[in-house]
Structure formats: structure tokens, C-alpha cells
Amino acid sequence: MEAKKSILKGDKYLWGTYFALCFVSVISMYSASGTLSYGSGDTFDPVLRHALFLAVGTLLVYAIHCVHYKWFRLVGFPLLVVACVMLIYALFFGERINAAARWISVFGIRLQPSELAKMGVVITISYFLAKGQCESGVDAKAFKKTLLAILVPCLLIFTENLSTTLLIGTMAFCMMLIAGVSLKKLGLLLVLVLAFVSGVLFAANKLDTKSADEQKRNLFTKVVHRANTWNDRLEFFSDKETMPEYFKATVDDNYQSHHACMAIANSHGIGVGPGNSRERDFLPQAYSDFIYAIIIEEFGILGGLLVMFLYLSILFRALRNAKKCTHAFPAFLILGIAMLIVFQAIINMAVATSLIPVTGQPLPLISRGGTSVVITCCYFGMMLSISRYATVEEGNGELNDENVVKSVEGPIPEDISAPNPNLTD
């Protein structure tokens with residue numbers, strides 16, 4: 001009876017994880033936004049701005065979790081098309097930050113089209129993979145459509161944001177594996193992608209992309225203008241020097257990673273306490289790309305592990321809900337969304353702890369940001385909608401859909417008939 005009276009429907013564990021991440025986000029943002037507060041002259045301005053985005057996002061979570069998941073497939077492809085148009089616009093007219101054109105302004109609101117593209121891709125390929133289910137896994141026509149839905153946005157994002165391209169590609173590869181695409185096709189696809197990325201990096205390493213003389217720069221070096229940045233980061237990361245980090249001088253090439261390591265070292269394993277970070281004033285993007293290092297500095301290793309556990313639990317909970325879905329589309333979609341969130345979090349945490357080369361992926365829901373925070377909130381709303389409407393009640397085999405569908409007004413689109421392959425118990 002209490003569950004029916006609750007206004008928060010769907011998976012209560014996902015709700016709890018969402019609110020826990022929001023709490024961590026506000027606390028961490030207050031600690032990590034010292035440079036922003038100094039610039040604005042207002043101590044609380046950055047954290048209040050971030051809290052406002054989280055408040056708007058929470059309203060979106062609630063609104064979307066009330067929408068039947070069957071409507072999502074009608075949004076995916078149009079959203080992907082709009083995102084691709086925005087990405088093209090960003091390439092030519094977008095705002096450049098750190099020599100990368102990733103932002104555009106729409107009616108005075110700054111947007112990152114790649115975030116919309118990620119959502120469009122995950123919904124669209126979930127639909128294609130579910131629609132193309134057959135006895136052998138996924139039919140050839142659906143596989144080609146899926147590749148096209150991945151390839152177009154990835155090529156548009158590739159030159160400005162390699163890490164986002166790899167994130168989308170990794171998520172899509174895992175989804176195709178789950179959906180039943182043959183291992184032969186996936187193996188060939190993986191080889192082709194690795195050959196392409198390696199070829200671009202090798203070519204950029206041999207060509208002069210930094211030359212100030214425009215005559216020495218060909219079409220390739222103008223298009224892949226960030227390739228030298230990628231190479232520099234890879235070379236620095238793969239440096240075989242065995243000197244301990246605390247003996248190395250802080251220079252431009254290692255400034256970010258060095259200060260992140262110093263922040264982690266300052267924690268002494270137990271943390272210096274909330275608001276006592278020293279590296280927040282020196283670490284670039286302490287409130288965004290490297291906020292995880294500040295979390296460890298202030299809350300210690302246990303704090304860092306707790307945040308990691310919250311993200312990993314999203315994936316495990318999504319897998320649990322996917323197994324309870326009777327149809328393929330919601331099962332694929334909830335897994336794809338969870339993988340996007342968790343893989344991005346893993347990349348961010350790995351960068352902050354110097355496990356992989358530096359790249360610009362924010363920590364979902366915790367890092368400062370407008371577009372990324374709102375889109376992540378939308379992801380939570382979609383996962384909660386699936387857990388509310390698409391899952392089977394344990395023990396009696398009845399759809400939750402049938403218990404709550406009366407609360408949804410108006411007609412509901414017909415579901416894709418493909419059953420959930422190999423995920424149900």
C-alpha cells in the first residue's frame with residue numbers, strides 16, 4: 001500500500017542512487033569551485049548554479065519516469081538527426097574552447113551537441129537492434145542501419161572529441177554483442193575501427209599539423225587538427241621514465257595529471273575533510289574533468305570507492321531490470337543508457353587517477369555542466385520509466401505495465417514484438 005502511494009515510481013534503488021549522486025555532486029562542487037568563486041566574487045554562485053541545474057534535472061527525471069517507455073523510440077531518430085545538424089553547425093560556427101569546437105548557442109543557451117547525439121544514438125540503435133531480431137540474432141538490414149546510426153555522429157564528433165567518439169563506439173559495440181550480432185561481424189568491425197584510429201594517429205604524427213604556415217598544412221591536417229594533442233597525451237602517458245611522480249617537475253605537459261596526483265597524495269588515504277582541498281586552486285577543471293581527484297583528496301580512498309560503487313551499481317541494477325523486461329527494446333535501451341553513464345564515469349575516474357591519458361569527460365551528474373547534467377537526468381528518467389512499465393513482477397510473472405498503465409492518459413504506441421533475447425531468467 002505504501003509503495004502505491006509513493007509519488008516516486010519504478011526502481012527505488014535507482015532513485016536512491018540518483019539522489020545520492022546529487023548529494024555528492026553539491027558537496028563536491030562547493031569544495032572544488034574555489035577558482036570559479038574567486039572569479040565571480042561570490043562564494044556560493046557556482047554551487048547555486050549547479051544546484052539549479054540539478055533541480056531542473058530532478059523535475060525532468062520525475063516527468064520522464066511518468067512517460068511510458070514505448071514513446072522513447074519515437075524520439076530517438078529525430079533527436080539523432082537534430083544532433084547531427086547541430087554537430088555540423090558546431091564544426092563551422094561553434095564556440096571553440098581549448099581549440100575544440102564543441103559548443104553552440106541556441107537562443108542564448110550554450111549546448112554541447114555531442115550530448116544530444118549520445119542520447120539519439122542509444123535510443124535509435126536500441127530500436128534497430130530490437131526491430132531486427134531474428135533466429136540468428138540480428139538481421140543484416142538492421143545491422144547496417146545500426147552501423148549508419150553510429151558512424152554518422154561519430155565521424156562528426158571524431159575530430160573535436162575523440163574520447164566521446166570512443167565512448168559511443170564502446171557502448172554501441174557492447175549493445176550489438178548483447179543483441180546477438182555475430183562475433184565474426186563484430187570482430188571485423190573492431191579491426192576496421194582500430195585500423196582507422198591508428199592510421200589517423202600515425203598520419204598525424206608524421207605530418208606537420210602545428211605549422212603556422214597554411215601552405216604546409218594539407219586538408220588532412222586541417223580537419224584532424226587535434227591529432228597532435230592526442231599524440232602528445234599518448235606519448236606523455238606511455239613515457240617509460242621510472243622516476244616517482246613527486247620527483248618530477250610540474251610542466252605544461254603534465255600539469256593536469258601532476259596536480260591530480262598531488263591531490264590524491266594529499267588525502268593520505270583518509271582525506272583532509274570537506275572544504276579543505278589544497279589542489280582545487282591549482283588543478284585545472286577541478287570542478288569538472290578532475291573533480292574525482294578532489295573527492296579523494298577530501299574524503300579519502302573510502303570516499304572515492306563509494307562514488308565508484310554508486311556508478312557500478314547503476315549498471316548492475318540496469319542489468320537486473322533488463323532481465324525482467326519481456327521485450328527487447330526496453331532491455332537494450334536500459335542497458336545502453338547504463339553503459340553510457342558508467343563507462344563515462346570510469347573514463348573520468350581513470351583520468352583523475354592517471355590510469356589512462358588525459359581526456360575531457362566529465363563525471364556524470366557530479367561534474368559542473370549544463371547540458372551533461374540535464375541529459376544525465378533524462379537518462380535516469382528513462383531508466384526509471386523502463387523499470388516502471390517494462391519489467392515483470394517477481395514471483396507472479398505479471399507486467400508492472402498492467403498495474404500502472406491506467407495512470408497514463410491517452411493512447412500508447414504499440415511495442416516492438418521482439419522478445420527479450422537471452423536476458424530473462
Side-chain angles (χ1 to χ4, degrees), residues 3-4 6-18 60-77 79 119-133 138 142 146 171 174-180 313-342 376-425:
K4 291 183 179 180
S6 174
I7 63 173
L8 304 180
K9 306 294 184 180
D11 191 332
K12 297 301 187 292
Y13 189 91
L14 281 177
W15 274 113
T17 303
Y18 170 76
L60 284 173
V61 173
Y62 181 79
I64 294 174
H65 107 292
C66 293
V67 177
H68 202 290
Y69 78 89
K70 295 178 184 179
W71 289 104
F72 298 152
R73 66 183 176 88
L74 304 181
V75 179
F77 186 73
L79 179 62
M119 177 178 284
V121 168
V122 69
I123 299 175
T124 302
I125 67 174
S126 295
Y127 171 73
F128 286 154
L129 292 172
K131 191 74 172 177
Q133 288 293 299
V138 178
T146 300
M171 177 275 299
C174 292
M175 286 188 65
M176 288 188 288
L177 183 63
I178 292 170
S313 66
I314 294 172
L315 186 58
F316 289 123
R317 200 66 183 183
L319 179 59
R320 182 177 182 272
N321 282 292
K323 288 182 176 180
K324 294 166 63 179
C325 291
T326 57
H327 290 84
F329 173 66
F332 294 164
L333 182 56
I334 193 172
L335 285 175
I337 290 172
M339 285 188 289
L340 269 180
I341 295 174
V342 177
T376 303
C377 290
C378 291
Y379 287 148
F380 271 92
M382 294 167 69
M383 288 191 293
L384 287 164
S385 173
I386 292 171
S387 71
R388 180 182 182 184
Y389 294 115
T391 58
V392 175
E393 286 285 358
E394 292 181 334
N396 59 20
E398 293 183 1
L399 275 172
N400 290 340
D401 189 345
E402 297 176 1
N403 298 328
V404 295
V405 73
K406 294 179 181 178
S407 65
V408 182
E409 298 180 358
I412 299 175
E414 184 179 354
D415 204 349
I416 300 172
S417 59
N420 184 3
N422 65 49
L423 289 177
T424 51
D425 292 330

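Along the sequence shown, residues carry numbers from 1. Since this is a predicted model, take the numbers as computed values, not measurements.
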Excluding sequence neighbours, so at least two apart, what forms side-chain hydrogen bond (donor to acceptor under 3.5 Å, both in side chains) with Tyr18? Thr58
Which heavy atom of [X] sits nearest to which heavy atom of [Y], and what is that distance?
{"X": "Ser313", "Y": "Tyr13", "answer": "CB-OH, 3.4 Å"}
{"X": "Ala318", "Y": "Ala338", "answer": "CB-CB, 3.4 Å"}
{"X": "Leu79", "Y": "Gly120", "answer": "CD2-N, 3.8 Å"}
{"X": "Pro330", "Y": "Ala390", "answer": "CB-CB, 3.6 Å"}
{"X": "Ala179", "Y": "Gln133", "answer": "O-NE2, 3.1 Å"}

Below 4.5 Å, heavy atoms only, C-beta onward: do [X] and [Y] meet side chain to side chain?
{"X": "Val121", "Y": "Leu340", "result": "no"}
{"X": "Trp15", "Y": "His65", "result": "yes"}
{"X": "Leu335", "Y": "Met175", "result": "no"}
{"X": "Tyr62", "Y": "Leu8", "result": "yes"}
{"X": "Leu129", "Y": "Thr146", "result": "yes"}
{"X": "Ser126", "Y": "Arg73", "result": "no"}
{"X": "Leu315", "Y": "Met339", "result": "yes"}
{"X": "Met382", "Y": "Met119", "result": "yes"}

What distance do [X] atom [atom1] and [Y] atom [atom2] have between them, rounded to the nearest 0.5 Å?
{"X": "Asn321", "Y": "Leu384", "atom1": "CG", "atom2": "CG", "value": "9.0 Å"}
{"X": "Met171", "Y": "Met176", "atom1": "CE", "atom2": "CE", "value": "9.5 Å"}
{"X": "Ile125", "Y": "Leu333", "atom1": "CD1", "atom2": "CG", "value": "9.5 Å"}
{"X": "Ile123", "Y": "Tyr379", "atom1": "CD1", "atom2": "OH", "value": "8.0 Å"}
{"X": "Leu14", "Y": "Ile386", "atom1": "CG", "atom2": "CD1", "value": "10.0 Å"}
{"X": "Tyr69", "Y": "Thr391", "atom1": "OH", "atom2": "OG1", "value": "10.0 Å"}

Going by the angle between their ring planes, with limits at 30° and 60°, are His68 and Tyr389 parallel, tilted or perpendicular?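 The arrangement is parallel - the two ring planes meet at less than 30°.
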Residues in side-chain contact (heavy atoms from CB on, under 4.5 Å) with Thr124, at least two apart?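 Listed in chain order: Phe77, Leu80, Phe128, Ala149.
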So does Val67 get a backbone contact from the side chain of Ser385, meaning a donor-acceptor N/O pair under 3.5 Å? yes
